[in-house]
Amino acid sequence: MIRIYCDCCFRPLRAGSPCYVGFVVQAGNGAVLSAKAWRISVIDSLQGELEAIKLAVAYAAKRGISDVILYSDSLAAVLYLNGGKCRNPNYKRAIRGILAILVGCQLNIEFVWLPRYLNKQADALCRQIVAIDTAV
């Protein structure tokens with residue numbers, strides 16, 4: 001079983017700030033297999049969290065990974081992906097993108113919420129990318 005931890009962050013925290021998303025992939029024994037991060041444009045943190053999840057799902061699908069537990073500290077994102085009602089068109093678009101990836105592969109995935117303080121690896125990765133990007 002592969003575990004993937006996703007996160008996003010905005011720095012600095014103001015309108016129009018860039019969003020940084022990333023994920024950390026771990027083997028069942030805890031060894032880090034991969035870590036990826038990007039700077040993207042989104043309207044808010046929930047859309048950023050959904051985009052991070054979408055990138056992680058695409059990563060797993062492309063590599064033929066069959067069993068994944070995907071963790072996010074965004075309760076709303078996890079609830080939406082587990083069948084909750086969503087009315088926002090921007091979020092719906094991101095959710096449809098994630099589900100479209102899942103339809104085209106044999107990925108068995110479970111979306112799980114965890115508190116922010118337990119999502120340390122993905123949070124640290126995003127903050128590291130922020131520090132590099134804002135230092136330039």
Rounded to the nearest 0.5 Å, what's the gap from CG on Leu114 to CG on Asp73? Could you check?
6.5 Å

Can you check side chain to side chain donor-acceptor pair (under 3.5 Å) on Asn119 and Arg116, steps first, answer last?
CA-CA 5 Å; Asn119 199 18; Arg116 181 169 289 135; over 6 Å; no

From CG (Leu70) to CD1 (Ile4), nearest 0.5 Å
5.5 Å

Give me the atom names and distance for the closest heavy-atom approach of Cys6 to Ala52.
SG-O, 4.0 Å

Cluster check Leu50, Ile69: I/L/V/M/F/W/Y, side chain < 4.5 angstrom
no

Report the relative orientation of the aromatic rings in Tyr71 and Tyr5; use parallel for angles under 30°, tilted for 30 to 60°, perpendicular for over 60°.
parallel

Start with the C-alpha gap between Leu81 and Ile95, add the side-chain angles, then the distance that decides, and say whether side-chain contact (heavy atoms from CB on, under 4.5 Å) holds.
CA-CA 7 Å; Leu81 290 166; Ile95 293 164; 4.2 Å; yes

Gap between atom OG of Ser41 and atom CD of Gln47 - 0.5 Å precision:
9.5 Å

Between the SG atom in Cys19 and the CD atom in Glu49, the distance rounded to the nearest 0.5 Å is 8.0 Å

If you compare all heavy atoms of Ala60 against all heavy atoms of Val68, which two are closest, and at what distance to 0.1 Å?
CB-CG2, 4.1 Å

What are the two closest heavy atoms between Gly48 and Val21, and how far apart are they?
O-CG1, 3.4 Å

I'd like to know if Tyr80 and Leu102 are part of one continuous hydrophobic network [Ile/Leu/Val/Met/Phe/Trp/Tyr, side-chain heavy atoms within less than 4.5 Å].
yes

Heavy-atom closest pair, residues Gln121 and Gln26
OE1-NE2, 2.6 Å

Please round to the nearest 0.5 Å and tell me the distance separating atom CZ of Arg93 and atom CG of Asn88.
8.5 Å

Treating Ile, Leu, Val, Met, Phe, Trp and Tyr as nodes and any side-chain heavy-atom pair under 4.5 angstrom as an edge, say whether Val112 and Ile101 lie in one connected cluster.
no

Do you know the tightest heavy-atom contact between Ala94 and Lys54?
O-CD, 4.4 Å

Applying side-chain contact (heavy atoms from CB on, under 4.5 Å) to Lys36 and Leu55, what does each step give before you reach the verdict?
CA-CA 9 Å; Lys36 306 281 184 187; Leu55 291 164; over 6 Å; no

Would Phe23 and Leu107 show up in the same hydrophobic cluster when neighbours are defined by side-chain heavy atoms closer than 4.5 Å?
yes

Can you pull out every ring-ring contact (aromatic ring centres under 6.0 Å, His included) where at least one residue sits in residues 88-115? Sequence neighbours excluded, please.
none

Quick one: pull up CE in Met1 and CD in Glu110 and give me the separation to the nearest 0.5 Å.
7.0 Å

Is there a continuous path of hydrophobic side-chain contacts, each under 4.5 Å between heavy atoms, that joins Leu99 to Ile109?
yes

